[in-house]
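Structure first, then comments.
Nothing here was measured: the structure is a model prediction, and the numbers come from that model.
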Amino acid sequence: MSADHGARATANRTCWPADMVMARPGHDAAQPIGWIETTGGIIAAIGAEPEPAGRAGDLLALPAFANAHDHGRGAQSLSLGISDGPLELWLSRLGAEPHLDPYLRAAPAFARMAESGIAAVMHCHNTQDGRALMTEAQGVARAAGDVGIRVAFAVPFAGENPIVYGDTDRLSGLFPTGRPPSSGYRRSLKEGLCLVDAIAEMETPLFSVQYGPVGPQWTGREALETIACRSAQDGRRVHMHFFETYLQREWADAHFPDGIVTYFDRIDLLSPRLTLAHGVWLREGELDLLAERGVILSCNMSSNFRLSSGLPPIRKVLEHGVRFGIGLDGMSLEDDDDILREMRLLRGVAQALDPGPCGAGDRHGMNGRWFDALLKTGREAILGPDGGGALVPGAPADFAIVDTKRVRRHVVGTASLPDLLITRLSRRDISTLVVAGEAVVENGACTRVSREELEQALYEDILRHANDRSQDAHADKMEQAIRHFYGCGCHRQP
């Protein structure tokens, strides 16, 4: 943004200039404005003024974007030599990731997200040292505060099936050494619950805590039932991976013959406080129950592509009225954290799976569904219903100002602005990101940190802690054993 478009501060109020505003993208048309006034982290007013001479009228204010499911990977897995591939094999390769400074692990990712217009992210924490989760959480909280975006931290609960979905003894017989590798430190349920309370003491407007049962195949029934009870009592949200791959579907069908979603409902886990990430292998009756209970689904299209997981049932999600957000999962299509492309991919798949003049691409009001997922429902998965996702007085002052010059190039017909935004807008068009009334991105770059310096510091940390590549041969043998385990159907044996 040029100097002419800089914010003006008066007393405790700041005025942010813009030429247009879409208060509820996909529902309301763009309106000409002159400024957005904020105070105390809240939108105080949206006002109009005569357009100054020389203003091109290209700056559009939108609600800030929400990343409904991520892992805060400052160093993407591919950069660490961990190739994309089927999730169950890819997870086994993560052992090659060096143990890094928790702050540097998260901060570059948060900075990339901010420069993509993301003001809020659901951070599903991958623990590197099971005994140091508090230290890791402190690093993530500091990264959120330094970059200036809102981060919800899912405290991980796991302990079951650390290597494969089933009896590790069966894997031992398949592994060349006759024994599986160590799965690391496992926290007890009591220890995990105490950590939730301890980490919650660090909560700020930019850092909050959720229960994070990693996935039902990794989290025992006692933990799931206890978390459901605790969430009902304290109102804290729950975030969990669910049905990401067909192997997880097969495991669940074998271990919950009456239906795992029915089991979730029986223990009162299904509620508007629950977000399920992926949901690729959900069935229609399950979607009905999720919709009835108000559960949020996070769709993570690029990750599903890259990890060979399948396609989310987005056509059925739309038909059954399931609420959904959009997540990058630390695996955006080009490793650039462009959530606008992620929305575009999801819409494209919905249209391809439901073609024709009566399909998803031709339903009236569909633009509103995509924008709601990006701006409102995804935000609720992170922060709960806080009034965000719309630019109206009294709402949180979280918004992006985008330059529409490139988006509207060569338009001579009647193409609507929402159509143009969904089809063309990308991270390169983000000019300013305001979070809680403060500009954390200006002229497309973070204001409170240097993304380039953070990435360089992370790279130097990687070089200091890089693992000996002699482990590669061991990893190849492990993958062979895992393939054999699933190929013989061991995961389907209760």
Side-chain angles (χ1 to χ4, degrees), residues 69 87-88 91 124-127 130 133 154-171 180 183-197 209-283 285-290 292-298 485-486 489-494:
H69 177 74
L87 176 77
E88 287 75 16
L91 288 173
C124 301
H125 188 70
N126 289 129
T127 310
L133 180 57
V155 178
F157 286 79
E160 304 291 322
N161 304 325
I163 303 170
V164 289
Y165 313 144
D167 189 350
T168 305
D169 290 340
R170 293 189 179 121
L171 182 67
S183 58
Y185 178 74
R186 299 192 199 182
R187 285 182 294 277
S188 67
L189 174 58
K190 180 180 179 181
E191 187 180 1
L193 295 173
C194 289
L195 278 167
V196 170
D197 295 336
V209 173
Q210 297 192 14
Y211 296 106
V214 179
Q217 64 279 356
W218 296 305
T219 309
R221 296 190 187 212
E222 181 185 5
L224 290 171
E225 292 166 15
T226 301
I227 287 170
C229 182
R230 291 254 308 212
S231 174
Q233 291 172 348
D234 61 23
R236 195 172 293 283
R237 294 193 60 82
V238 181
H239 192 99
M240 179 169 60
H241 297 79
F242 190 62
F243 283 165
E244 185 171 357
T245 69
Y246 80 93
L247 292 175
Q248 294 173 4
R249 171 90 252 184
E250 290 182 334
W251 174 89
D253 287 347
H255 289 78
F256 295 85
D258 293 332
I260 191 169
V261 176
T262 302
Y263 164 71
F264 287 168
D265 197 39
R266 191 164 63 247
I267 66 173
D268 294 326
L269 184 60
L270 300 186
S271 83
R273 297 183 306 279
L274 175 66
T275 300
L276 297 175
H278 298 289
V280 171
W281 297 90
L282 283 161
R283 296 171 180 146
E286 296 165 338
L287 290 168
D288 279 333
L289 190 51
L290 297 185
E292 185 178 341
R293 298 292 184 260
V295 173
I296 295 175
L297 183 69
S298 174
F485 179 92
Y486 290 118
C490 293
H491 62 295
R492 295 194 296 268
Q493 299 177 24

query = Counting only N and O atoms by type, is there a donor-acceptor contact under 3.5 Å from the side chain of Arg186 to the main-chain atoms of Gly159?
reply = yes

ask   = Do Gln248 and Trp218 have side-chain heavy atoms sitting under 4.5 Å apart?
value = yes

inquiry  = Could you check whether any side-chain N or O of Arg237 sits under 3.5 Å from a backbone N or O of Pro272, counting only pairs where one atom can act as donor and the other as acceptor?
reply    = yes

remark   = Correct closest heavy-atom pair for Ala223 and Thr219 would be CB-CG2, 3.5 Å

task = Looking only at non-hydrogen atoms, find the nearest pair between Val155 and Gly192 and report the distance.
result = CG1-O, 4.4 Å

task = List the steps, then state whether side chain to side chain contact (heavy atoms under 4.5 Å, CB included) holds for Glu225 with Tyr263.
result = CA-CA 10 Å; Glu225 292 166 15; Tyr263 164 71; 2.7 Å; yes

key: Rounded distance [0.5 Å steps], CZ in Phe242 versus CG in Leu297   = 10.0 Å

inquiry  = If I compare all heavy atoms of Ala254 with all of Pro494, which pair ends up nearest, and what's the gap?
reply    = O-CG, 3.5 Å

task = Mark yes or no for whether Arg187, through its side chain, and Gly130, through its backbone, hold a donor-acceptor pair below 3.5 Å.
result = yes

query = Any ion pair linking Asp197 and Arg236 (charged N to carboxylate O, less than 4.0 Å)?
reply = no

ask   = Nearest 0.5 Å, what's the NE2-CG distance between His239 and Leu274?
value = 9.0 Å

task = Kindly write out the residues that satisfy side chain to side chain contact (heavy atoms under 4.5 Å, CB included) with His491, not counting sequence neighbours, or none if the list is empty.
result = Tyr165, Leu247, Glu250, Phe485, Tyr486

Heavy-atom pair with the smallest gap, counting every atom of Trp281 and Glu286 = O-OE1, 4.3 Å

Ala154 to Cys124 - nearest heavy-atom pair and separation = CB-CA, 4.0 Å

key: Partner set under salt bridge (charged side-chain N to carboxylate O under 4.0 Å, His left out) for Asp268, not counting sequence neighbours   = none

query = Roughly how far, to the nearest 0.5 Å, is OG1 of Thr226 from OH of Tyr211?
reply = 10.0 Å

task = With rounding to the nearest 0.5 Å, note down the distance linking CG in Asp288 to CG in Leu282.
result = 11.0 Å

query = Does Leu133 reach the side chain of His125, with side-chain heavy atoms less than 4.5 Å apart?
reply = yes

query = Please walk me through it: do Thr245 and Val280 pass side chain to side chain contact (heavy atoms under 4.5 Å, CB included)?
reply = CA-CA 7 Å; Thr245 69; Val280 171; over 6 Å; no

Test: Arg293 cationic atom under 6.0 Å from Phe264 six-membered ring centre, within 45° of axis = no

task = Determine whether Thr275 and Gln210 make a side-chain contact, defined as any pair of heavy atoms from C-beta on separated by less than 4.5 Å.
result = no

inquiry  = Nearest 0.5 Å, please: how far is NE2 in His69 from CG in Leu276?
reply    = 11.0 Å

message = Which heavy atom of Gly235 sits nearest to which heavy atom of Arg273, and what is that distance?
response = O-CD, 3.7 Å

key: Thr262 and Phe256: CA distance, side-chain angles, deciding distance, side chain to side chain contact (heavy atoms under 4.5 Å, CB included) verdict   = CA-CA 9 Å; Thr262 302; Phe256 295 85; over 6 Å; no

query = Does Cys490 reach the side chain of Val164, with side-chain heavy atoms less than 4.5 Å apart?
reply = no

His255 and Gln217: CA distance, side-chain angles, deciding distance, side chain to side chain contact (heavy atoms under 4.5 Å, CB included) verdict = CA-CA 9 Å; His255 289 78; Gln217 64 279 356; over 6 Å; no

query = How far does CD of Glu222 sit from CD1 of Ile227, to the nearest 0.5 angstrom?
reply = 10.5 Å

ask   = Got Leu193 and Phe157 here, is their nearest side-chain heavy-atom distance under 4.5 Å?
value = yes

